[in-house]
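A note on names: the letters A, B, ... follow the listed sequences, proteins ahead of strands, and every chain is numbered from 1.
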Protein chains: 2
Amino acid sequence: MKTFSEKLFMNELRKKYRPATIIEVARRAGVSPATVSRVLNGTAAVVPETEQRVREAIAELNFTPHPAARQLINQRTNAIGLLLPEISGEFFPPMLRGIEAEVRNSGYDLLIHSTQENLNSGRRPLREHNTDGLIVFPESVDDAELHRLFKIGFPVLLLHQSSPEGISFPIVTVENKSGAEMLINHLIEAHGRRRIVYLQGPESHQDSRWRERGYRDALESHGIPFDPELVEYGGFDEAEACDAIRQMLIDGVDFDAVFAGDDDAATGVIAALKQAGRDIPGDVAVVGFDDVPFSRFISPSLTTIRAPIEQVGREAVKQLVSLIEKGHAEPEILLPTEIIIRQSCGCP
Amino acid sequence: MKTFSEKLFMNELRKKYRPATIIEVARRAGVSPATVSRVLNGTAAVVPETEQRVREAIAELNFTPHPAARQLINQRTNAIGLLLPEISGEFFPPMLRGIEAEVRNSGYDLLIHSTQENLNSGRRPLREHNTDGLIVFPESVDDAELHRLFKIGFPVLLLHQSSPEGISFPIVTVENKSGAEMLINHLIEAHGRRRIVYLQGPESHQDSRWRERGYRDALESHGIPFDPELVEYGGFDEAEACDAIRQMLIDGVDFDAVFAGDDDAATGVIAALKQAGRDIPGDVAVVGFDDVPFSRFISPSLTTIRAPIEQVGREAVKQLVSLIEKGHAEPEILLPTEIIIRQSCGCP
DNA sequence: TACTATTATGAAAACCTTTTCAGAAAAGCT
DNA sequence: AGCTTTTCTGAAAAGGTTTTCATAATAGTA
């Protein structure tokens, strides 16, 4: 709650820069507000001479329609909300870039809310009141809220995540399974690795599960039995992955390669292995997923899967906009992945 | 413009999820909308028993006040706008993280607009109509618009940038001069370098100019004459910096160290030098600025200045909020920097 | 108890657009 | 020319909230 003097101040300030309204434009052009609205939105014919006067008045007063008034009458906010668990790191920025560009391109505004710090605050400020649709990342909205949104038919698009039980929102993600398969095949075929650790990401990421399937299938097709001891939870996060590998080393688990959950995790894996004096890729090969920008700078440079992150963001927005404006979207879009071979796998 | 059938669809859909209004809450609680508003905002006393009934009604109807209606009457959007030239890279994400966290913390929403792709689009969708204040990065708003905003007294905070001629907005940035001085002193004193290239960033960044002053002062205090041949425009960008260094090598400029504009630029410098077969730091020492996350992963690991990027973002929001709510802010805040010595300068 | 001072509540206006409805003017027809 | 159709425009309502003003009810005072 504001103090009295603050409120006073804000009111006083406000008067200073009160923008022109449609009524003032109308008065100046000698027409009614309705007519101004019509030339503004091209929603009905007005005689050219009148239109000209109105346009002049608009220009002279530097008039811009007040978004709140429009929202109120049109019941549209013209904004898209993005809910994500974290903003920095290596993965989210390019994603954000794609989303922002496409949102702008579609004529919407972008509202961003990261849930990391304030998940417990209870306030969920992005919803049907202030957006026309939501793009949601795993771990940023709980299932109850998703169910609620589904029930009221609110446009939602899920990113790198499948719908919770009983509801179905459209989703956009990448070809995780074939990507993982390419990686594991390469480790087995080109480098003869057979004890390959899989550091899985959070359960809620559909991505993780698909990568695991690719991992299992690749193993199976080479006649290597699946060993649960080699699958560990490592998150999509440098620190967690580092800890996980450290623990495996302490436990004396025998492995000659690590498929990290993603590139961020791979960085943690490499740190843990170096610290333990293991040679990469001599003793242990390491591969990641995503091909974030710095993957080629770390040493050894990281063999990984290039996921078109930015494009995933763009596609997500396209689908959401279609859902908002046309009422339908592709139920599932998988963008293709590509293997990027560098040195951490053992290639020269 | 939407087609008729699209509009039809949207109208139809809208009815499905029409949220409860304050009037319905009032009716259910057997009071007037005014009273509901009062319990909602604590703006006047209501007898406890009535308040109780209202709260129940609110909960039962899952009521949330409609932001647009509030904006309209209050003349506040409760949103802060962020205008920046680019979203990805290594510098912006942590900044964005700090800004987002603090914006949320202050009870505002965050609207983001990156100007990179659509500077020419003419539309500048973030302004006094849809935000209560703006945080602006260099190169994302032209001077005319800044002048306009200043004239109408709209709250604006400048980041890493000084106000254009004739107007003065509060600004937040880091201790650039002393940071640069530390770096150059170190190169001279610890590693005996004397032909130090300075790759400056964009002119509009106040940062660049202060770093140059630090560079010059450090040189002067060691009796090394300033050589304009050693100062080149390199941007805050990997590719530009890479090109600049390549060109200097072609031109046969003699140098034994490079102070890149920032860490992103330093990456480009290192790439160019490696490509030309120069040893880093043997032949040429390289130092950056910012200490972005990957600086410790590149090889050789980068000696740089740690700028509290995230904290700059937080501070910027704090100042802007103060400007919005109290009408005043610190005219200039400089956050302290710290030298981070790694290997690219020649240290072991 | 009668009167004033205080407190709690409601009615209505205001914020700024868009849109419907109806009316006026113009055009088209016989 | 008289009538119908079309085209253009304005008045008014609606959208959901907050706030001012007035009134009714309560508490306080003598």
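At whole-Å resolution of the value, CD in B:Q71 and C1' in D:dG16 are 12 Å apart. Here D:dG16 presents its P atom at 15 Å from CG of A:N130, a figure rounded to the nearest Å. Atom CZ of B:F63 is separated from atom P of D:dT17 by 4 Å (rounded to the nearest Å). In this structure, CD of B:E49 is placed 15 Å from C1' of D:dT26, rounded to the nearest angstrom. Rounded to an integer number of Å, the gap from B:L40 CG to D:dT17 P is 8 Å. When rounded to the nearest whole Å, the span between CG of B:N78 and P of D:dG16 equals 20 Å. Between the CG atom of A:L72 and the C1' atom of D:dG16 there is a distance of 5 Å, given to the nearest Å. The nearest whole Å value for the distance from the NE2 atom in B:H66 to the P atom in D:dG15 is 11 Å.
Note on B:T21: every side-chain N or O is 4.0 Å or more away from OP1 and OP2 of D:dG15. The side chain of B:R70 places an N or O atom within less than 4.0 Å of a non-bridging phosphate oxygen (OP1 or OP2) of D:dT18. When the side-chain nitrogen and oxygen atoms of A:N41 are compared with OP1 and OP2 of C:dT18, one or more of them lie within a distance under 4.0 Å. Taking only side-chain nitrogens and oxygens, B:Q75 comes nearer than 4.0 Å to OP1 or OP2 of C:dC16. OP1 or OP2 of D:dC8 has not a single side-chain nitrogen or oxygen of A:T50 nearer than 4.0 Å. Note on A:S37: every side-chain N or O is 4.0 Å or more away from OP1 and OP2 of C:dT19.
Residue A:A69 has its side chain nearest to C:dT17 when only D:dT17, C:dT17, D:dG10 are considered. Comparing atom distances between the B:V31 side chain and each of D:dT17, C:dG10, C:dT20 picks out C:dG10 as nearest. For B:V47, whose side chain is taken as the heavy atoms from C-beta onward, the closest listed nucleotide among C:dA8, C:dG10, C:dA14 is C:dA8. Nearest to the side-chain atoms of B:I22 among the listed nucleotides C:dT9, D:dT17, C:dT19 stands D:dT17. In the set D:dA14, C:dT20, C:dC16, C:dT20 carries the atom at the smallest distance from any side-chain atom of A:R38.
Aromatic rings of A:H160 and A:F91 (six-membered ring for Trp) have centroids within the 6.0 Å cut-off, being under it.
The residue B:V36 sits apart from the nucleic acid: no heavy atom pair falls under 4.0 Å.
Here the options are A:T115, A:I99, A:I112, the test is side-chain contact (heavy atoms from CB on, under 4.5 Å), and the partner is A:L84; only A:I112 passes.
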Open item on the list: Set out, in order, the CA-CA distance, both residues' side-chain angles and the distance that settles side-chain contact (heavy atoms from CB on, under 4.5 Å) for B:I333 and B:Q319, then state yes or no.
Closed with: CA-CA 9 Å; B:I333 290 187; B:Q319 292 303 314; 3.3 Å; yes
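In this structure, CG in A:L72 is found 12.5 Å from OG1 in A:T77, a value given to the nearest 0.5 Å.
When each of A:S32 and B:A20 is assigned the nucleotide of DNA chain D bearing its nearest heavy atom, the one mapping closer to the 5' terminus is A:S32. Both A:I23 and B:A45 sit near DNA chain C, but only B:A45 has its closest nucleotide nearer the 5' end.
Counting only N and O atoms by type, the side chains of A:R97 and B:S88 include a donor and acceptor under 3.5 Å apart.
The existence of a salt bridge linking A:E56 and A:R53 is excluded, since no basic side-chain nitrogen approaches an acidic carboxylate oxygen closer than 4.0 Å.
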